[in-house]
Every structure is written in structure tokens, then in C-alpha cells.
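Quick one: this structure, given as C-alpha cells, is what I'll be asking you about.
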Amino acid sequence: MAQIGTFSRDESGVFTGSIRTLTLNVKATIRPVERDNDKAPDTRVFAGAVEIGAGWTKAARETGTEYLSLKLDDPSLPSPIYAQLVQGDGSDWKLIWSR
């Protein structure tokens, strides 16, 4: 697993941070959205004003700890990246990518 981002969360539930891969190095926000059905994402990921992904709230099977399962896509990427935003130490949140 590789950490490709670090975020902080404000009182309204918006995450602010950065995503860094071999092809991406952007400041990003992850914003909650209203869902219109059960399969719709809980959040949208933005780099500036451009939407680059979506996220769904999940819970770990063993601990019940909530995290965000994200799908990130950008024309510079050969295929979408699937990652998890998990709470780290203190108020930090880590964006973790694994194959």
C-alpha cells in the first residue's frame, strides 16, 4: 500500500489536501453531496473546479471503522485509481492506494 495523499477534515465534512502520484500533483477537496439513489456516491473529488473522482462511505468488516472508498480518474492516468481515505493519527487523513 502506498500513501498518495494527505487530507484534513473541517467541521462541515469537507476534506482538503493534496494528491501526489507519478502523473498527478494537485491540491484537492473531497466534498459531501446529496445522494439521489443507493448507488450514487457520497462525495465528489475536485482538483480546483474540475471533478476528478467520487467516493462512497464504507465500514471495515472487523472494526466497523468508517472510511471513504474513492475512484479517481484523470486523462493523464492510464486507468482509474481506486484508493481509500482513512483516518490517521490525530486529525490527519491518509489517501492509500493499493493494487
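What you are looking at is a predicted structure, and each value in this text was computed from that prediction instead of being measured. In this chain, numbering begins with 1 at the start of the sequence shown.
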Taking everything shown except Arg35 itself, do over 12 heavy atoms lie less than 6.0 Å from its CZ?
-> yes
Can you find a pair of side-chain heavy atoms, one from Phe7 and one from Asp92, that are under 4.5 Å apart?
-> no
Roughly how far, to the nearest 0.5 Å, is the NZ atom of Lys27 from the OG1 atom of Thr16?
-> 10.0 Å
Between Tyr82 and Trp97, does the ring centroid distance fall short of 6.0 Å?
-> no
How many angstroms lie between CZ in Phe46 and CD in Glu51, if you round to the nearest 0.5 Å?
-> 5.0 Å
From Ile96 atom CD1 to Gln84 atom CD, the distance as rounded to the nearest 0.5 Å | 8.0 Å
Look up atom CG in Asp10 and atom OG in Ser91, then write down how far apart they are to the nearest 0.5 Å.
-> 11.5 Å
Nearest atoms (heavy-atom pairs only) where Lys39 meets Asn37 = N-OD1, 2.8 Å
Minimum heavy-atom separation for Ser12 to Pro32, with atom names?
-> O-CG, 4.3 Å
Taking side chain as C-beta onward, heavy atoms only, is Phe15 less than 4.5 Å from Thr43?
-> no
CG (Leu85) and CG (Leu95) are apart, to the nearest 0.5 Å, by 6.0 Å
Would Val33 and Asp42 satisfy side chain to side chain contact (heavy atoms under 4.5 Å, CB included), going step by step from the backbone distance to the final call?
-> CA-CA 6 Å; Val33 294; Asp42 298 304; 5.9 Å; no
Is the number of heavy atoms from other residues, nucleotides or ligands under 6.0 Å of Asp38 CG greater than 12?
-> no
Is Leu68 close to Val86 at the side-chain level, that is, under 4.5 Å between some pair of heavy atoms?
-> no
Using a 4.5 Å cut-off on heavy atoms from C-beta on, say whether the side chain of Val45 contacts that of Leu70.
-> yes
Looking at CZ of Arg9 and CD of Gln87, how far apart are the two atoms once the value is rounded to the nearest 0.5 Å?
-> 8.0 Å
Under 4.5 Å between any side-chain heavy atoms of Thr23 and Leu77, yes or no?
-> yes
Should the heavy atoms of other residues, nucleotides or ligands under 6.0 Å from CZ of Arg44 be counted, would the total exceed 12?
-> yes
Please report the shortest heavy-atom distance between Pro41 and Ala54, naming the atom on each side.
-> CB-CB, 3.7 Å
Group every Ile, Leu, Val, Met, Phe, Trp and Tyr by side-chain heavy-atom contacts under 4.5 Å, then state whether Val50 and Ile81 land in the same group.
-> yes
Student check: side-chain heavy atoms of Leu24 and Leu72 closer than 4.5 Å = no
Do the non-hydrogen side-chain atoms of Val14 and Ile30 ever get within less than 4.5 Å of each other?
-> no
Do Trp56 and Lys71 come within less than 4.5 Å of each other through their side chains, counting heavy atoms only?
-> yes
